[in-house]
Amino acid sequence: MSFADCAEMDPPPDLRVLCDPRPAGQRPPSQEYIWARDAPIVALPGITFTKETDDLAMRFALLAIRTQPLDYAGSVLAELGRSFVWGRPVYPDQEIYGYYQFPETPPGPPGRYPAQVGTEFAKRYEQGPIGTSIVEPYAGWMRAYQDVARIPGTVLLVVLLVPPAAVAWRAFRYGRGPGSPRALWLLPWSVAVVLLITPAAVAEFDYRYVLPAVPLACLAAALACGNGREFTDLIPRNVQL
């Protein structure tokens with residue numbers, strides 16, 4: 001929905017109900033098309049998460065990708081690029097961004113429709129009210145931690161570039177091939193890249209999707225820059241690297 005243009009797609013009548021007439025630049029974040037109460041797919045009769053609704057959305061998505069492949073690629077790159085900015089801008093909106101921050105005061109009731117529904121189900125499960133308590137001084141320690149303990153996205157990008165750069169340098173200087181013990185970096189590096197690209201390709205950027213890629217990227221950089229012996233000693237002798 002970040003790029004779909006129904007004038008270009010010319011979808012059949014059953015898919016046209018999902019079209020958004022607004023220009024792509026004026027649309028909300030993509031996830032709102034699944035969760036917002038006024039989203040076309042949510043407004044359809046019945047429950048949103050059914051096989052029939054899923055098939056309808058899948059057909060719409062595949063048609064958009066087939067007819068607008070360059071726009072799709074641009075959307076993926078734009079969302080992926082959010083992972084590597086230096087700052088920590090608010091995205092996709094202030095409420096979701098706030099979920100990832102340790103608050104100074106107990107948060108109020110949720111404003112987004114799906115969170116409101118989830119809260120009501122949680123109350124039924126707990127058979128009473130639910131809420132978040134702020135316990136000092138421990139909460140203050142966590143707030144201080146979150147202000148300084150972070151890796152800017154630009155640093156993450158540099159860490160991701162270290163393994164291929166280190167291997168290319170050693171190959172150029174020493175003639176090391178892919179069979180070197182340092183090839184151990186490839187697995188965690190590949191997983192980190194997939195973790196970053198997949199949300200951008202199928203959903204949208206979210207800070208929670210970046211977090212699991214960070215330790216894997218750091219591990220890959222350490223493996224690529226180390227001598228490899230301390231890691232290969234842990235591998236059974238019958239395993240071929």
Side-chain angles (χ1 to χ4, degrees), residues 2 29-31 34 58 61-62 65 69-70 72-92 96-102 141-241:
S2 61
S30 298
Q31 65 173 355
I34 302 175
M58 177 64 74
L62 293 178
I65 293 172
L70 295 180
Y72 171 61
S75 175
V76 173
L77 291 175
E79 292 297 312
L80 180 62
R82 299 181 190 275
S83 302
F84 305 123
V85 299
W86 180 263
R88 193 165 53 183
V90 174
Y91 190 84
I96 294 178
Y97 184 86
Y99 292 157
Y100 306 146
Q101 302 289 310
F102 293 106
W141 298 347
M142 297 304 294
R143 289 194 301 271
Y145 167 83
Q146 74 181 0
D147 290 337
V148 296
R150 58 179 291 264
I151 296 181
T154 310
V155 175
L156 174 60
L157 177 61
V158 172
V159 173
L160 283 170
L161 295 176
V162 166
V167 171
W169 167 252
R170 286 198 177 96
F172 171 77
R173 187 169 183 178
Y174 303 112
R176 298 270 185 164
S180 166
R182 295 185 183 86
L184 288 170
W185 67 270
L186 191 56
L187 178 58
W189 186 87
S190 300
V191 175
V193 170
V194 169
L195 286 173
L196 291 171
I197 292 178
T198 301
V202 303
E204 66 180 1
F205 166 82
D206 198 303
Y207 288 104
R208 59 184 169 144
Y209 299 143
V210 180
L211 184 61
V214 173
L216 290 168
C218 294
L219 174 61
L223 289 170
C225 294
N227 59 26
R229 293 177 182 175
E230 61 270 31
F231 300 103
T232 53
D233 289 342
L234 302 176
I235 300 176
R237 297 183 181 277
N238 61 343
V239 174
Q240 180 68 37
L241 295 177

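Keep in mind that what you see is a predicted model, and the values were worked out from it rather than measured.
Between P199 and D206 there is no side-chain heavy-atom pair separated by less than 4.5 Å. Contact check for E204 versus S2: no side-chain heavy atoms found under the 4.5 Å cut-off. The shortest side-chain heavy-atom distance between F84 and L196 falls under the 4.5 Å cut-off. Side chains of W185 and C225 form no contact here, defined as non-hydrogen atoms less than 4.5 Å apart.
Here the side chain of Y209 pairs no donor or acceptor atom with the backbone of A200 at under 3.5 angstrom. Between the side chain of W189 and the main chain of L160, a donor-acceptor pair closer than 3.5 Å is present. Side chain of R82 to backbone of P89: no donor-acceptor contact under 3.5 angstrom is found.
Separation of the Y100 and F102 ring centroids does not fall under the 6.0 Å cut-off.
Atom CD1 of residue I96 and atom CZ of residue R208 lie 8.0 Å apart, to the nearest 0.5 angstrom. With values rounded to the nearest 0.5 angstrom, C218 atom SG is found 11.5 Å from L223 atom CG. Between W86 atom CH2 and L156 atom CG the span is 12.0 Å, to the nearest 0.5 Å. Going from atom CD of Q146 over to atom CZ of R143 covers 8.0 Å, rounded to the nearest 0.5 Å. Interatomic distance, CG of L77 versus CD1 of I197, reported as 9.0 Å (0.5 Å rounding).
Closest non-hydrogen pair, P188 versus L219, comes out as CB-CD2, 4.0 Å. Across all non-hydrogen atoms, the minimal contact from P163 to A224 is CA-CB, 3.5 Å. The shortest heavy-atom contact between Q31 and P92 is NE2-CG, 3.1 Å.
Under a cut-off of 6.0 angstrom, the local environment of OH in Y145 is sparse, with at most 12 non-hydrogen atoms contributed by other residues, nucleotides or ligands.
Note: Y207 and F205 have perpendicular aromatic rings, judged against thresholds of 30 and 60 degrees for the angle between ring planes.
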